[in-house]
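Have a look at the structure below before the remarks.
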Amino acid sequence: PQYLREAKNRLNPGGLIIADNTLMVNHAQMPEISDAINEFNNLIKSDKEFTSVIIPTKSGMTIAMIVDFKEIKFFSIPQKILKKILRGEV
């Protein structure tokens with residue numbers, strides 16, 4: 001959650017936050033990790049300045065973009081770029 005706050009303050013509209021392991025919410029050995037992941041996911045979901053998606057990989061990946069709804073009317077990640085993200089090339 002602290003990472004999200006720090007990154008958000010440094011991003012302009014169109015800036016991306018990409019986070020890995022965002023579906024590891026039932027980490028039995030370390031409940032503090034589960035709590036932090038849940039808080040991160042809830043912060044992204046509830047913040048109207050973000051548009052986001054969780055990609056259901058093995059442990060989950062979140063891609064969130066800062067949006068300025070006055071300037072941006074539609075957003076999609078081109079398939080070519082999304083494939084590079086999922087392969088870890090970006």
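Quick note: residue numbers are just sequence positions, from 1. Computed from a predicted structure; not experimentally measured. Heavy-atom basis, side chains included; hydrogens, waters and symmetry copies ignored.
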Once rounded to the nearest 0.5 Å, what's the spacing between atom CZ of Phe40 and atom CD of Gln2? 12.0 Å
Using residues 57-66 as the side-chain source, report each donor-acceptor pair under 3.5 Å to any protein atom, sequence neighbours left out, with the distance given to one decimal.
unit_1	atom_1	unit_2	atom_2	d
Thr57	OG1	Gly60	N	3.0
Ser59	OG	Asn21	OD1	2.7
Thr62	OG1	Thr22	OG1	2.8

Kindly indicate, with the supporting measurements, whether the criterion side-chain contact (heavy atoms from CB on, under 4.5 Å) is fulfilled by Leu43 and Phe50. CA-CA 10 Å; Leu43 286 170; Phe50 285 111; over 6 Å; no
Just wondering, more than 12 heavy atoms not from Arg10 lying within 6.0 Å of its CZ? no
Rounded to the nearest 0.5 Å, how far apart are CG of Leu4 and CG of Leu11? 9.5 Å
By salt bridge (charged side-chain N to carboxylate O under 4.0 Å, His left out) - contacts of Asp47 (at least two apart): Lys8
Taking atom CD1 of Ile44 and atom CD of Glu39, what is their separation to the nearest 0.5 Å? 11.5 Å
Close side-chain approach of Leu23 and Pro56, heavy atoms under 4.5 Å: yes
Rounded to the nearest 0.5 Å, what separation is found between the CD1 atom of Ile18 and the OG atom of Ser52? 12.5 Å
